[in-house]
Protein chains: 2
Amino acid sequence: MLYAVFMSSALPPFPKHQEPVDQPQLLEVGSGADEPCLRADAARNRARLLEAAGRLVAEHGASGVTMEAVAEAASVGKGTVFRRFGDRTGLLMALLDHSAKKLQADFLGGPPPLGPGAPPVERLRAFGVAALRRSAEQLDLQLAAQPEAARRLAHPSLRALVTHVTILLRQIVPDADCDLLAQALMGYLDPALIHHLTKQCGMPLERLEAGWIDLVSRATRTEPSH
Amino acid sequence: MLYAVFMSSALPPFPKHQEPVDQPQLLEVGSGADEPCLRADAARNRARLLEAAGRLVAEHGASGVTMEAVAEAASVGKGTVFRRFGDRTGLLMALLDHSAKKLQADFLGGPPPLGPGAPPVERLRAFGVAALRRSAEQLDLQLAAQPEAARRLAHPSLRALVTHVTILLRQIVPDADCDLLAQALMGYLDPALIHHLTKQCGMPLERLEAGWIDLVSRATRTEPSH
DNA sequence: AATCTAAACGGACCTCGGTCCGGATCCTGA
DNA sequence: TCAGGATCCGGACCGAGGTCCGTTTAGATT
């Protein structure tokens with residue numbers, strides 16, 4: 001499989017030692033040309049790099065995407081790779097961005113039930129299935145950007161928590177797919193998510209706790225408490 | 001804050017070049033002494049290393065936990081750290097294991113509503129809140145073991161997906177905390193989770209899709225669609 | 001066309017995670 | 001008590017990610 005990607009979201013042009021923060025452009029799906037006026041040679045090299053990276057993924061898997069290898073395959077200096085994408089994760093993200101933008105376009109302007117026109121619940125169902133399938137492909141690429149995420153889920157102590165939740169769920173909703181439901185609930189408790197919501201979005205912990213209570217009620221179809 | 005941890009789950013004694021796979025001991029909360037009979041010096045060094053790592057976390061934050069620094073602080077060779085914990089993540093996991101075991105003990109044998117005795121729904125609610133609070137502390141440690149997880153959530157293309165789900169949810173359940181609900185739903189679509197369930201647990205993708213449909217029904221309190 | 005400046009380039013260099021193997025150390029069994 | 005051998009230790013070594021800065025080049029201005 002070949003990941004041919006050329007135009008994608010870029011990082012700011014490397015303001016010496018300033019963390020490459022991602023621009024807050026949300027839902028700006030202006031169909032390409034979101035490049036912040038790169039110089040000609042820069043744009044050319046960027047394209048080369050993405051093309052080379054895609055080729056390397058296709059040939060040697062995501063683990064073969066070494067920054068030096070990409071640089072060499074693109075006939076470019078190593079520093080250029082980092083200036084353009086910040087770091088390895090940034091490069092992989094840029095590769096992923098391609099299909100991400102595609103899915104985005106599909107549910108923003110595509111045909112129903114994914115796109116506008118169908119009732120919201122239908123759209124939500126279709127969205128999940130589409131996202132699920134998209135992730136199922138390029139799993140290697142996604143995981144390459146999250147080296148440790150898979151290990152976490154396999155760790156005994158987390159497994160124990162999942163098992164506990166599963167057992168409780170079986171007592172409450174015996175007819176449901178409790179293994180999956182437990183995973184869904186546990187996802188809400190993911191430390192990374194907690195960090196994002198509290199530290200980056202500024203939500204107080206109390207709100208998250210209330211959210212959990214509500215989530216449990218919904219998942220188990222029980223009455224909202226008090 | 002000091003993380004004093006000594007006895008925790010260990011890796012097998014390093015069978016040359018064999019991936020240190022985590023033993024399938026589930027729910028074995030035999031309150032300590034799960035050490036697989038380490039040699040005296042090995043056990044001593046293990047304790048030293050965990051103590052040193054905890055001190056480093058307390059002093060310089062999780063990012064200060066360099067394998068070499070830990071080794072030196074414990075007056076031990078670098079190779080010893082890796083032999084004992086496999087890799088940096090393994091070391092951090094071992095540090096985390098302490099509070100994980102504690103939570104585990106709490107809901108397995110502690111007082112209600114967390115422990116046995118309360119109705120399952122109550123226990124589930126209490127469990128989430130407890131887990132939420134536990135994660136809120138040691139966030140730095142958790143994130144150190146998942147370097148890229150937080151970035152992923154902040155990435156524009158993922159934000160766009162979350163926003164879309166949020167908007168749909170607002171149309172379906174205007175009274176809910178749709179931001180949080182959207183995050184919970186998106187958690188189910190996390191690539192790492194998909195990988196774990198399909199590749200490691202052997203679930204077919206169809207089951208995950210059915211799980212999504214069901215999850216949406218529950219989250220929105222709509223009728224299960226046949 | 002000549003010039004000038006900001007931006008991009010390249011690759012030497014550094015750090016740190018991870019590996020390897022000769023040598024030291026601990027436990028067993030006699 | 002004393003081999004003998006399995007286990008463990010230590011630190012030199014390697015590779016890949018990430019940084020720095022002197023040099024080159026695009027492209028605007030005159």
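Throughout, protein chains are lettered first and strands after them, A, B, ... in sequence-line order, and every chain is numbered starting at 1. Bear in mind that the values here come from a model prediction, so they are computed numbers and not experimental data.
Taken residue by residue, residues 72-80 of chain B places heavy atoms nearer than 4.0 Å to DNA chain D at B:Val76, B:Gly77, B:Lys78, B:Gly79, B:Thr80.
Note on A:Arg88: every side-chain N or O is 4.0 Å or more away from OP1 and OP2 of D:dA16. Distances shown here put a side-chain N or O of A:Asn45 below 4.0 Å from the OP1 or OP2 atom of C:dC9. Considering only side-chain N and O atoms, B:Arg84 lies under 4.0 angstrom from the phosphate OP1 or OP2 of D:dC9.
Using a cut-off of 4.0 Å between Lys/Arg side-chain N and Asp/Glu carboxylate O, B:Glu51 and B:Arg55 are scored as salt-bridged. By the 4.0 Å N-to-carboxylate-O rule, A:Arg151 lies close enough to B:Asp87 to be salt-bridged with it. At a threshold of 4.0 Å, the pair B:Arg133-B:Glu137 does not count as salt-bridged, since none of the basic side-chain nitrogens sits closer than that to a carboxylate oxygen.
Applying the side chain to side chain contact (heavy atoms under 4.5 Å, CB included) test to B:Asp177 and every residue at least two apart in sequence or in another chain returns A:Arg207, B:Asp179, B:Leu180. By the ring-ring contact (aromatic ring centres under 6.0 Å, His included) test, A:Phe127 pairs with A:Phe107, B:His164, sequence neighbours left out. Looking at residues two or more places apart in sequence or on another chain, you find a side chain to side chain contact (heavy atoms under 4.5 Å, CB included) between A:Lys199 and A:His195, B:Leu139.
Checking D:dG10, C:dA8, C:dG17 against the side-chain heavy atoms of B:Arg83 singles out D:dG10 as nearest.
For residues 71-82 of chain A, there are no side-chain hydrogen bond (donor to acceptor under 3.5 Å, both in side chains) pairs, not counting sequence neighbours.
When side chains are defined from C-beta on, A:Leu38 counts as touching A:Arg46, because their heavy atoms get closer than 4.5 Å. With contacts defined as side-chain heavy-atom distances shorter than 4.5 Å, the pair A:Arg84/A:Asn45 does not qualify.
Comparing B:Val65 and A:Glu68 along DNA chain C, the residue whose closest nucleotide (by nearest heavy atom) sits nearer the 5' end is A:Glu68.
Following rounding to the nearest Å, A:Leu92 (CG) and D:dG18 (P) show an atom-to-atom distance of 10 Å. Rounded to whole Å, atom P of C:dG18 lies 11 Å from atom CG of B:Leu91. Spacing between atom CE of A:Met67 and atom P of C:dC14 amounts to 21 Å, rounded to whole angstrom units. As rounded to whole Å, 5 Å separates atom P of C:dG18 from atom CZ of B:Phe82. At whole-Å resolution of the value, CZ in B:Arg48 and C1' in D:dC8 are 14 Å apart.
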*Determine, for nucleotides 25-30 of chain D in 5'-to-3' order, which nucleotides have protein heavy atoms under 4.0 Å from the base (write B), from only the sugar-phosphate (write S), or from neither (write -).*
BSS---
